[in-house]
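Since the structure comes first, as structure tokens, the remarks are kept for the end.
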Amino acid sequence: MSATGILLIVSGPSGSGKTTLCRRLANENRARYSISCTTRAPRPGETDGRDYHFLSKEEFERRLSVGDFLEYAMVHGNFYGTLKSEVSDHLEAGTHVVMDIDVQGAGQVRACGDPQIQKALVDLFVMPPTYDELRVRLTGRGTDSEEIIELRMKNALEEIEHWRSYTYRLLSLTPEEDYRRFEALVAAEELRVSRAAEIG
Ligand code: 5GP
């Protein structure tokens, strides 16, 4: 028996820096980034198959009906979901998988009865250090109207209400400091007896 990979679920409001953390872990070959499916349109600079699998609503619903998704949710009016194929085989092979998903999806993964998933699961909520800092981060993104910023702030506050459902919480400071603690969590979870292989 080889060691199982870790399934690292990372949630948090937009502006928390969670996507940067997940992408960096994958870029440094510490984990595989689970590429989600979404029905939202690609943003400028996003590539199909790298940022997301961009699907039509019909295709998303077809995949849902045949049981392809580990979890899915409606976020801001669009469907998002994780394909089982992005996760299971990689965990089995001992590769860590990092998932950047919302609080609804995290709840579904936590509730799923699959023993492989339960053994692999680690969940983390990434949070801005203060509400003022969150507002600065959501404002600092560009030239958005006050109305859009208020909507993002409202969505962020709703998301933050769920942080106590997670095992770990990371209060975001600087990108470097955040990544150091994020990586330390992965390193600690790699030592868990429940996931360890026999010595050869
Ligand atoms: P965005 O459209 O800004 O890329 O993502 C919007 C939200 O959807 C983020 O909170 C992100 O974490 C979440 N999200 C992305 N992929 C998935 C997924 O596969 N499942 C769920 N439940 N949420 C996702």
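When reading the values below, keep in mind they use all heavy atoms of this one structure, side chains included, and skip hydrogens, waters and symmetry mates. All of these numbers come straight from a predicted model, not from anything done at the bench. Both counts, for ligands and for their atoms, begin at 1 and track the order of listing.
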Considering the heavy atoms of [X], write down every atom of ligand 1 situated less than 4.0 Å from one of them.
X: Thr82; value: 19 (O)
X: Gly105; value: 22 (N)
X: Ala73; value: 22 (N)

Report the part of [X] in contact with ligand 1, treating N, CA, C, O as backbone and CB onward as side chain, heavy atoms under 4.0 Å; options are side chain, backbone, both, neither.
X: Arg43; value: side chain
X: His76; value: neither
X: Met99; value: neither

Any heavy atom of Arg40 sitting closer than 4.0 Å to ligand 1?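 Contact check Arg40 vs ligand 1: positive.
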
Which residue, Val10, Val109, Val75, forms the side-chain contact (heavy atoms from CB on, under 4.5 Å) with Ile101?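 When Val10, Val109, Val75 are each tested with Ile101, the side-chain contact (heavy atoms from CB on, under 4.5 Å) holds only for Val109.
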
If we count only N and O atoms by modelled type, under 3.5 Å, do the side chains of [X] and [Y] hold a donor and an acceptor together?
X: Gln104; Y: His162; result: no
X: Tyr179; Y: Glu28; result: yes
X: Asn78; Y: Thr38; result: no
X: Tyr72; Y: Thr82; result: no
X: His53; Y: Glu86; result: yes
X: Arg152; Y: Thr139; result: no

Is there any N or O on [X] that sits under 3.5 Å from an N or O of ligand 1?
X: Tyr72; value: no
X: Ser36; value: yes
X: Lys18; value: yes
X: Gly81; value: yes

What residue and heavy atom of the protein are closest to atom 6 (C) of ligand 1, and at what distance?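 Here the nearest protein heavy atom works out to Tyr80 OH, 3.7 Å.
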
Salt-bridge criterion met for Arg135 and Glu150 (N-O under 4.0 Å):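 Salt bridge flag = yes for Glu150 with Arg135.
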
From Val10, Asp102, Asn155 - option closest to atom 23 (N) of ligand 1 by heavy atom: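 Comparing heavy atoms across Val10, Asp102, Asn155, the nearest one to atom 23 (N) of ligand 1 lies in Asp102.
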
